[in-house]
Amino acid sequence: MAVCDRVAAFELGVVCEVFGLDRTADGLPGYDFAVCAAEPPPLRTTSGFLIDTPHGIDRLAEADLIAIPAWRNVDERPPVALIAALRAAVDRGARVMSVCSGAFVLAAAGLLDGRRATTHWRHVKALAEHYPAIRVEPDVLYIDEGSVLTSAGTAAGIDLCLHIVRQEFGAEVANAIARRMVVPAHRDGGQAQYIEAAVPDSEDHNGISLTLDWAKLHLDEPITVEQLAKHGHISARTFARRFADATGTTPRQWLISQRLALAQRLLETTDLSIEHIAERCGFGSGSALREQFARHLRTRPLAYRRSFRQPTAS
């Protein structure tokens, strides 16, 4: 693993936990693992403590897999020596992977050009804007493009690491490591289920916030753009234009996102049936709710409830 100053502690720990912990006494395969300083040590973490390592960037020349944890600043270009080491690694047949914003390091090296890639949902827009040659996919947990692999934010790094173990040693080994870590061996869906719904700017100069507040209280009812516009005392065309300016999306898509957000909260905090939740959220039927979950969140309502259910729900 290549580490620079101000490395994110969790992403560093994820890679160390999967690949750096010796589990051979349990009959599991081991990795020849090393943390390599890509900048002069000691290195700081974003959590305030220092790390040190005897390995420098030259150690990367021996690696079959190089992991890049979250990068410290998506607008900052990584060290030239690290970029050169990553390019050389791929050229000789090694694989490189990134966790979270570490995708920006791979992108700076040109390794994602013409490939699919992902990163934390908060950074996907910046990745696409900075590197237009990349096919950025915003709602997946990880992407395997053979020699180059990328993962979404934070815990998605675990998903990618376990995917690599599963490829190399099979599902039984990956499942054993997942059990030791007390995490799912495979998660349903993508990071779309974690993305915050679009909301209008708090300084709403277009006068639509009150209308949207009203809509949130009536999500169980059929709502049209005409009704929203009438509530706001403007024409439907003007409302749609102002709405797009304020939220960056359409009224229909906003309503779907709000209904999905309500359904997520109800799945997390209540024992209500799927049919009841569908009615409360304005989807009409359980099948319609499941269809919207599959389309927008890449998972199923019951799978979501199992993953996010709060222990105190009643």
For Glu275, check salt bridge (Lys or Arg N to Asp or Glu O under 4.0 Å) against everything at least two apart and list the hits. none
Identify all side-chain donor-acceptor contacts of residues 92-100 below 3.5 Å with residues at least two apart in sequence or on another chain.
| from | atom 1 | to | atom 2 | distance (Å) |
| --- | --- | --- | --- | --- |
| Arg92 | NE | Ala61 | O | 3.4 |
| Arg92 | NH1 | Ala63 | O | 2.9 |
| Arg92 | NH2 | Leu60 | O | 2.7 |
| Arg92 | NH2 | Ala61 | O | 3.2 |
| Arg92 | NH2 | Ala63 | O | 2.9 |
| Arg95 | NH1 | Gln167 | OE1 | 2.9 |
| Arg95 | NH2 | Glu168 | OE2 | 3.1 |
| Ser98 | OG | Ala103 | N | 3.4 |

Tyr131: what forms a ring pair (Phe, Tyr, Trp, His ring centres under 6.0 Å) with it, not counting sequence neighbours? none
Quick one: list whatever passes side chain to side chain donor-acceptor pair (under 3.5 Å) with Thr46, sequence neighbours left out. none
What distance separates Met1 CE from Leu12 CG, expressed to the nearest 0.5 Å? 4.5 Å
When you look at Phe293 and Phe283, which way does the ring-ring contact (aromatic ring centres under 6.0 Å, His included) test go after all the steps? CA-CA 11 Å; Phe293 255 70; Phe283 288 116; 7.9 Å; no
Mind checking the OG1-CD spacing from Thr150 to Glu137? Nearest 0.5 Å is all I need.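 Thr150 OG1 to Glu137 CD: 8.5 Å, rounded to 0.5 Å.
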Residue pairs fulfilling side-chain hydrogen bond (donor to acceptor under 3.5 Å, both in side chains) with at least one residue in residues 59-71, sequence neighbours excluded: Asp32-Arg59
Look at the side chain of Thr270 and the backbone N and O of Leu266, then say whether any donor-acceptor pair between them is shorter than 3.5 Å.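 Between the backbone of Leu266 and the side chain of Thr270 there is a qualifying donor-acceptor contact (under 3.5 Å).
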Heavy atoms of Pro78 and Ile83 approach each other most closely as O-CD1, 3.9 Å
Could you tell me whether the side chains of Ser287 and Ser285 share a donor-acceptor contact shorter than 3.5 Å?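 Yes, side-chain donor-acceptor contact under 3.5 Å.
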Is there a path of hydrophobic side-chain contacts, each under 4.5 Å between heavy atoms of I/L/V/M/F/W/Y residues, joining Val15 to Leu21? no
Search all heavy atoms of Cys36 against all heavy atoms of Thr53 and return the closest pair with its distance.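 Distance-wise, the nearest heavy atoms are C-CG2, 4.4 Å.
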Is any side-chain heavy atom of His163 closer than 4.5 Å to one of Leu160?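 Leu160 reaches His163 side chain to side chain.
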List the steps and the verdict of side chain to side chain contact (heavy atoms under 4.5 Å, CB included) for Thr269 and Gln264. CA-CA 9 Å; Thr269 60; Gln264 288 173 286; over 6 Å; no
Salt-bridge criterion met for Glu291 and Arg295 (N-O under 4.0 Å):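 Yes.
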With Ala294 via side chain to side chain contact (heavy atoms under 4.5 Å, CB included) - residues at least two apart: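 Applying side chain to side chain contact (heavy atoms under 4.5 Å, CB included) to Ala294 gives none.
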Smallest heavy-atom separation, Val74 atom then Ser101 atom, equals CG1-CB, 4.2 Å
Are Leu65 and Phe169 connected in a single hydrophobic cluster, I mean Ile/Leu/Val/Met/Phe/Trp/Tyr linked by side-chain heavy atoms less than 4.5 Å apart?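 Both belong to a single hydrophobic cluster.
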Determine the minimum heavy-atom distance between Leu127 and Ala107, stating which atoms define it.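 Nearest heavy atoms, Leu127 then Ala107: CD1-CB, 4.1 Å.
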With Arg72 via salt bridge (Lys or Arg N to Asp or Glu O under 4.0 Å) - residues at least two apart: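 Salt bridge (Lys or Arg N to Asp or Glu O under 4.0 Å) list for Arg72, sorted by chain: Glu39, Glu76.
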Taking all heavy atoms of Glu11 and all of Pro69, pick out the closest pair and write down the distance. CB-CB, 4.0 Å
Ignoring hydrogens and geometry, is there a side-chain-to-backbone donor-acceptor pair from Arg87 to Ala109 under 3.5 Å? yes
With heavy-atom distances below 4.5 Å as the criterion, would you say the side chains of Leu149 and Ile143 are in contact? no
When rounded to the nearest 0.5 Å, the distance separating OG1 of Thr250 from CD of Gln253 is 4.5 Å
For the pair Glu145 and Arg115, find out whether any cationic side-chain nitrogen is under 4.0 Å from an anionic carboxylate oxygen. no
For residues Val90 and Ile66: do they belong to one hydrophobic cluster (side chain heavy atoms under 4.5 Å, members Ile, Leu, Val, Met, Phe, Trp, Tyr)?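 Same cluster.
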Those residues that, when tested against His123, pass side chain to side chain donor-acceptor pair (under 3.5 Å) (two or more places apart): none
Tell me if a side-chain donor or acceptor on Asp26 pairs with a main-chain N or O of Leu28 at a distance below 3.5 Å.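 Answer holds: no.
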Inter-residue atom distance Arg23.CZ - Arg180.CZ, 0.5 Å rounding: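 Interatomic distance, Arg23 CZ to Arg180 CZ, rounded to 0.5 Å: 5.5 Å.
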How about Phe33 and Phe19: are their ring centres within less than 6.0 Å of each other? no
Non-neighbouring partners of His218 that pass side chain to side chain donor-acceptor pair (under 3.5 Å), sequence neighbours left out: Trp214
Nearest 0.5 Å, what's the CD-OG1 distance between Gln227 and Thr211?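 Rounded to the nearest 0.5 Å, the CD-OG1 separation comes out at 11.5 Å.
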Can you list everything that forms a salt bridge (Lys or Arg N to Asp or Glu O under 4.0 Å) with Asp91? Sequence neighbours excluded, please.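 Testing Asp91 for salt bridge (Lys or Arg N to Asp or Glu O under 4.0 Å), a comparison that skips the adjacent residues, returns none.
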Could I get the full list of side chain to side chain donor-acceptor pair (under 3.5 Å) partners for His130, not counting sequence neighbours? Asp75
Should Leu217 and Trp254 be counted in the same cluster of Ile, Leu, Val, Met, Phe, Trp and Tyr side chains packed under 4.5 Å apart? no
In chain order, what residues pass the salt bridge (Lys or Arg N to Asp or Glu O under 4.0 Å) check against Arg179, with sequence neighbours excluded? none
Looking at Ser47 and Ala9, what are the two nearest heavy atoms and their distance? OG-CB, 3.6 Å
Mind checking the CG-CG spacing from Leu86 to Leu82? Nearest 0.5 Å is all I need.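 One gets 4.5 Å once the value is rounded to the nearest 0.5 Å.
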Should we count CD of Glu172 as having more than 12 external heavy atoms under 6.0 Å?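 Incorrect, the count does not exceed 12.
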State plainly whether the residues Arg280 and Asp220 are in salt-bridge range, i.e. N to O under 4.0 Å.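 Result for this pair is no, no salt bridge flagged.
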